[in-house]
Amino acid sequence: MPGVRCDKAMGLRNLPSKTWNVNLGWVLAADLAADLDAWTRLLGLHDDPELARAEPQTLRYCLRHLPGKLVTHARRRILKISNTWPWKTAFLTCWQRLCALPTPT
């Protein structure tokens, strides 16, 4: 995926200010979001042919707009995801892979 198109999808399309420092922070935040998106696809979705090379808008629709409910039971938080959601297994697989990564030292 071309970097400029991905960066524009992550927020560079609308720089918020006319001052240099504010726009510099905005560019850094957009680049960080693009990097996190790329690493999520590389490490968590590498074997899913549909989502491994998906555009940011597709990932936003499929994985980040999660139709779930966060509930508390026995002092633990549990994420309940609808069984009819078509990307449930892709989300859970990606989540488990990213949680299984070792802590950087």
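Just so it is clear, the model here is predicted, and its values are computed rather than measured.
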Review point. What about Y61 and L66, same hydrophobic cluster or not, with Ile/Leu/Val/Met/Phe/Trp/Tyr joined at side-chain heavy-atom distances under 4.5 Å?
Key: yes
Check your understanding: In the hydrophobic cluster built from side-chain contacts under 4.5 Å, what are the other members alongside I78?
Key -> V71
Check your understanding: Rounded to the nearest 0.5 Å, how far apart are SG of C62 and CD of Q57?
Key -> 11.5 Å
Review point. Residues in side chain to side chain donor-acceptor pair (under 3.5 Å) with D47, at least two apart?
Key: R97
Study note, to complete from the structure: To the nearest 0.5 Å, atom OG1 of T103 lies from atom CG of L101 at 9.0 Å
Review point. Can you tell if the side chain of R41 reaches within under 4.5 Å of the side chain of R53, non-hydrogen atoms only?
Key: no
Mind listing the side-chain donor-acceptor pairs of residues 79-91 below 3.5 Å, one per line with the distance, residues two or more places apart or on another chain?
unit_1	atom_1	unit_2	atom_2	d
S82	OG	T84	N	3.3
S82	OG	T84	OG1	2.9
N83	OD1	K88	NZ	2.6

Point to revise | Transitive ILVMFWY side-chain link L36 to L42, under 4.5 Å | key: no
Point to revise | Residue pairs involving residues 61-70 (criterion salt bridge (charged side-chain N to carboxylate O under 4.0 Å, His left out); sequence neighbours excluded) | key: D37-R64
Study note, to complete from the structure: When rounded to the nearest 0.5 Å, the distance separating NE2 of H46 from CG of L51 is 12.5 Å
Check your understanding: Going by the salt bridge (charged side-chain N to carboxylate O under 4.0 Å, His left out) test, which pairs reach into residues 23-33, not counting sequence neighbours?
Key -> none
Revision key, fill the gap. Quick note, ring-ring contact (aromatic ring centres under 6.0 Å, His included) partners involving residues 8-42, not counting sequence neighbours, are none
Exercise for review: Would you mind reporting whether L63 and T40 have side-chain heavy atoms less than 4.5 Å apart?
Suggested key: no
